[in-house]
Amino acid sequence: MSSREQENRYRNLFSNHPDQVYTLDFDGFITSANQATCELLSCDESGIIGHHFTEFMLEEDKPAVFHYFNRAKAGETVRYRTRALSTDGSIQHIEIINLPLTIEDKVIEVYGIAKDISQELIHAEELHLLSRSMEASANGVIIADAKKTDQPLIYVNPAFLAMTGYAKHEVIGRNCRFLQGPETDAGVVDMIRAGLRERKQVSVTILNYRKDGTIFWNDLQISPVRDDTGQVTHFIGITQDITQRIDIEQRLDYQSTHDPLTGLPNRFQFEERLVHDTDLAQQHGRAVVVLYIDLDEFKPINDSLGHEVGDQVLQLVAERIQRVIEVGDTVARFNGDEFLVLLPSLIQIDDAQIVAERILTQISQPYVVGAETLYITASIGVAANERGVDKHIDPQPHMVIRQADMAMYQAKKAGRNTIHWYSSEITEQMSERVILRRELEKAMQKGHLALHYQPIVDARTSRLIGVEALVRWNHPKRGLISPAVFIPLAEQTGQIISIGDWVLREACANISEIQRAAGHELTIAVNISPLQFARSRFIERIESVLETFHLPPKSLELEVTEGVFLEDEALAFEVLESIRNLGVRVSIDDFGTGYSSLSYLRRLPVNKIKIDRSFIREITQNTRDKAILGGIIELAHHLDLQVVAEGVETAEQAQILQQFRCDHLQGFYFARPMPFSELLNYIAAARARDAATSRAKKQENLGHSETSG
Ligand SMILES: Nc1nc2c(ncn2[C@@H]2O[C@H](COP(=O)(O)O[C@H]3[C@@H](O)[C@H](n4cnc5c(=O)[nH]c(N)nc54)O[C@@H]3COP(=O)(O)O)[C@@H](O)[C@H]2O)c(=O)[nH]1
């Protein structure tokens, strides 16, 4: 090649080189520069050639650049980074290689090749920031090599190491599966594998193991990382230890599905299992049997020995039932003293009888609680959800609970401590009642109970002397349900306790306003059921309500029936005595319908008797009833008791009662029971009437005295 050709080639290489190429003389003046150099410094050749290189440097960078320039002059090839200052004032990061240009071993010039590395530096900075962020992240970050067969980890951050307890060298190069253990859900692992195989993002919550073998819940998100060609080169995993959150969720879940007292599943959990097991049983042609267990006479234990003793008994009962059942069966506490047992896979449904008998035997063993040895029994209703056996049996899972409930009632009716099997014949008699009981529970929770008030008047003057509070059930579909329907039911189920408490509180809350409206003192009469009356804290309850509403005790009158003496006569006397000592009035309701004789009245610490309306109904026609009524009133007065007659519907009845000197009258003739707001209007109207009457009387008296004077 001729020297001219060589020079041309060199010149081409020099001019077309994408990097900045230039030469410097020994003093540092630029002797040549290619197009790229001109572009970098934003000027043409004339602005560069003959200028000193320091003109294109920042002041602070000059000493270092001089240092490298001198080393190049001394024959060394040097590489360094610095900054170029363009003529337009912009600054670029550059990497320079200075090499000596020698002719016959003598350095004659310094050759410079500069490369704009501004973008590279920005990328490096970004990468650095990214890696610092990963290191600082509270979440674990792991990166696995997607191209290697076992996808080994190539990066883990400190949070991951802290979470798992491993050191970096123990995990780098390994597949992530070292975090799995015996309890890890294989299904979740399969999901991860499928995601990796299909190069997709995966989000899972997986049970992982730390180095020390303890478990933690890992909220894991794996994403594929692709290169410029779209190939997946890595997988990045973001991990978070969510054990605490899962613990809380599990605890909440447990609380919502279990009974806190016994630790047994609650009704919701039971119903869920019932649905599930019924489904399975139907697939395998088996029957699901439900036992409805209701403890006999449990309430008296609670009432007389207190809730702590009652609670311990319930816990023991739960343990005993669990002893009888087998793995796969479910025992749940359904309500108060009711338990349910689910036998999900009986080959012969008759086997349920054996289980029920064992439960009865277990429950009837003595209970030693503190100093007490208690004995209780249970009534068990049994129902099977078995298609085909009885066409009338509803195959809906929850129906079987109702059927077992109905059967349990039959067991109670049959004398308790017994087992009764559901049959379709009992549906009609019982279902209404079972529905009502459940709905009453809801009514109490949803505030569907209301109080109505019936005025009681002075027999002589017809002046209002008090009101009787009567509970009403505002059923959303059936309308107003009479207490005559639901009170007896509530008495049987024990719901009367909470109903009674609510009535007492509500009535006392309204007394002051009623008295204010009337402008004088009135009594409010509240019905107390025998069960309420026999409760250990009954007196305290009354005291507390009076205190809460700042009521004088004489404003309250408790109506009790003779039924209170049935269970424990001595106790009943004691309670009546305590009520009287409080200053609260007591009247014997429905007098004449119970078993007590008139002579019995002598001993009763009560203020009043309320003659049952069955005696009043016939007094205008039936002379015998009339005579009895007269006798009762006379004797009661003799014993210093006031008498109120209820069910007065006509003026004739009222007149006869007045003649017999009955003290107070109550009945539709005067007013029907009415809501609170209506009562206030009624009182206002009565007050206006009374005022008008007394004004008229005064006028009349004035007229008399004027004429006589
Ligand atoms: N333990 C509780 N028992 C309660 C409560 N509220 C009511 N009851 C008892 O329910 C039974 C039915 O009560 P109710 O339907 O309210 O009937 C009362 C009156 O409406 C009715 N009455 C009043 N005057 C007349 C009348 O002239 N004729 C007629 N046919 N009926 C009339 O009598 C009922 C009042 O009864 P009593 O309590 O005996 O004074 C009833 O046994 C209620 O006691 C409650 O909160 N707790």
Side-chain angles (χ1 to χ4, degrees), residues 436 440 443-444 448-457 459 465-475 479-510 523-535 538 541-542 545 556-564 585-594 606 608-620 642-654 656-657 662 664-676 678-679 682:
L436 211 61
L440 187 53
M444 285 192 278
H448 289 164
L449 296 184
L451 273 194
H452 282 198
Y453 296 90
Q454 186 174 31
I456 302 171
V457 300
I465 58 98
V467 291
E468 181 181 4
L470 295 156
V471 69
R472 296 289 179 266
W473 177 1
N474 270 319
H475 192 284
L480 222 54
I481 300 183
S482 161
V485 175
F486 69 87
I487 291 288
L489 177 70
E491 270 166 350
Q492 276 177 27
T493 60
Q495 288 165 306
I496 191 68
I497 300 289
S498 27
I499 295 178
D501 266 359
W502 177 82
V503 168
L504 184 66
R505 218 187 133 74
E506 181 74 6
C508 287
N510 288 334
T523 51
I524 195 154
V526 174
N527 290 282
I528 302 294
S529 98
L531 210 60
Q532 243 180 311
F533 186 82
R535 266 174 75 114
F538 180 62
R541 177 82 191 125
I542 306 243
V545 175
L556 181 64
E557 185 169 287
L558 304 181
E559 290 193 8
V560 296
T561 57
E562 291 156 296
V564 299
R585 300 169 59 81
V586 180
S587 80
I588 300 291
D589 199 5
D590 303 335
F591 188 84
T593 56
V606 298
K608 205 180 201 179
I609 57 166
K610 190 168 194 180
I611 301 174
D612 190 68
R613 64 171 172 272
S614 56
F615 284 93
I616 314 298
R617 203 179 299 134
E618 303 290 321
I619 48 168
T620 47
Q642 286 187 312
V643 181
V644 56
E646 69 176 357
V648 182
E649 293 184 349
T650 63
E652 292 89 332
Q653 288 168 345
I656 294 171
L657 287 158
C662 182
H664 303 142
L665 305 178
Q666 175 184 356
F668 294 170
Y669 175 63
F670 299 97
R672 285 180 178 262
M674 58 191 98
F676 181 57
E678 266 181 45
L679 177 75
Y682 169 91

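Whatever order the structure lists ligands and atoms in, that order sets their numbers, starting from 1. Note that the coordinates shown come from a computational prediction; the quantities given were computed from them, not determined experimentally. Side chains are part of it too, since the values below use all heavy atoms of this structure and drop only hydrogens, waters and symmetry mates.
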Asks: Report the distance from atom CD of Glu557 to atom CD1 of Ile456, rounding to the nearest 0.5 Å.
Replies: 6.5 Å
Asks: With a cut-off of 4.0 Å, which atoms of ligand 1 are near a heavy atom of Ser482?
Replies: 15 (O)
Asks: Backbone, side chain, both or neither: what part of Gln532 comes under 4.0 angstrom of ligand 1, heavy atoms only?
Replies: neither
Asks: Can you find a heavy atom in the side chain of Leu657 that is under 4.5 Å from one in the side chain of Glu652?
Replies: no
Asks: Backbone, side chain, both or neither: what part of Lys610 comes under 4.0 angstrom of ligand 1, heavy atoms only?
Replies: side chain
Asks: Which one of Asp612, Asp590, Val644 has a non-hydrogen atom at the shortest distance from atom 39 (O) of ligand 1?
Replies: Asp590
Asks: Report yes if the side chains of Leu451 and Leu470 come closer than 4.5 Å at any heavy-atom pair, otherwise no.
Replies: no
Asks: Would Gln454 count as being in polar contact with ligand 1, using the rule that some N or O on each side must be under 3.5 angstrom apart?
Replies: yes
Asks: Go through the steps to decide whether Lys610 and Glu468 satisfy the test salt bridge (charged side-chain N to carboxylate O under 4.0 Å, His left out), and finish with yes or no.
Replies: CA-CA 12 Å; Lys610 190 168 194 180; Glu468 181 181 4; 2.8 Å; yes
Asks: Before signing off on this row, confirm whether Pro673 and ligand 1 have an N or O atom pair separated by under 3.5 Å.
Replies: no
Asks: Please state which part of Val503 comes within less than 4.0 Å of ligand 1, counting heavy atoms only: side chain, backbone, both or neither.
Replies: side chain
Asks: Would you say Ile528 has any N or O atom under 3.5 Å from an N or O of ligand 1, going by distance alone?
Replies: no
Asks: Check whether Phe538 forms a cation-pi arrangement with Arg541 (NZ or CZ under 6.0 Å from the six-membered ring centre, at most 45° off the ring normal).
Replies: no
Asks: Using a 4.0 Å heavy-atom threshold (strictly under), name the region of Asn527 that reaches ligand 1: side chain, backbone, both or neither.
Replies: both
Asks: Any idea which atoms of ligand 1 are less than 4.0 Å away from a heavy-atom of Gly667?
Replies: 24 (N), 27 (O)
Asks: Only heavy atoms count here, so choose which of Pro483, Gly500, Ala469, Pro455 is nearest to atom 10 (O) of ligand 1.
Replies: Pro483
Asks: Got a sec, which residues hit side-chain contact (heavy atoms from CB on, under 4.5 Å) with Tyr669, two or more places apart in sequence or on another chain?
Replies: Val648, Ala651, Ala654
Asks: Distance under 4.0 Å to a non-hydrogen atom of Ala484: what atoms of ligand 1 satisfy this?
Replies: 12 (C)
Asks: Would you say the side chain of Ile496 lies within less than 4.5 Å of the side chain of Ile487, judging by non-hydrogen atoms?
Replies: yes
Asks: Hey, does Phe591 have a side-chain heavy atom less than 4.5 Å from the side chain of Thr561?
Replies: no
Asks: Heavy atom under 4.0 Å from ligand 1: found in Arg472's side chain, backbone, both, or neither?
Replies: side chain
Asks: I'd like to check atom 41 (C) of ligand 1 in this structure: does the protein have a heavy atom lying under 4.0 Å from it?
Replies: no
Asks: Which option, Phe668, Phe591, Tyr669, owns the non-hydrogen atom nearest atom 22 (N) of ligand 1?
Replies: Phe668
Asks: Less than 3.5 Å between some nitrogen or oxygen of Gln666 and one of ligand 1, yes or no?
Replies: no
Asks: Looking at Thr650, is its backbone amide N or carbonyl O close enough to the side chain of Gln653 to form a donor-acceptor pair, meaning the two atoms are under 3.5 Å apart?
Replies: yes
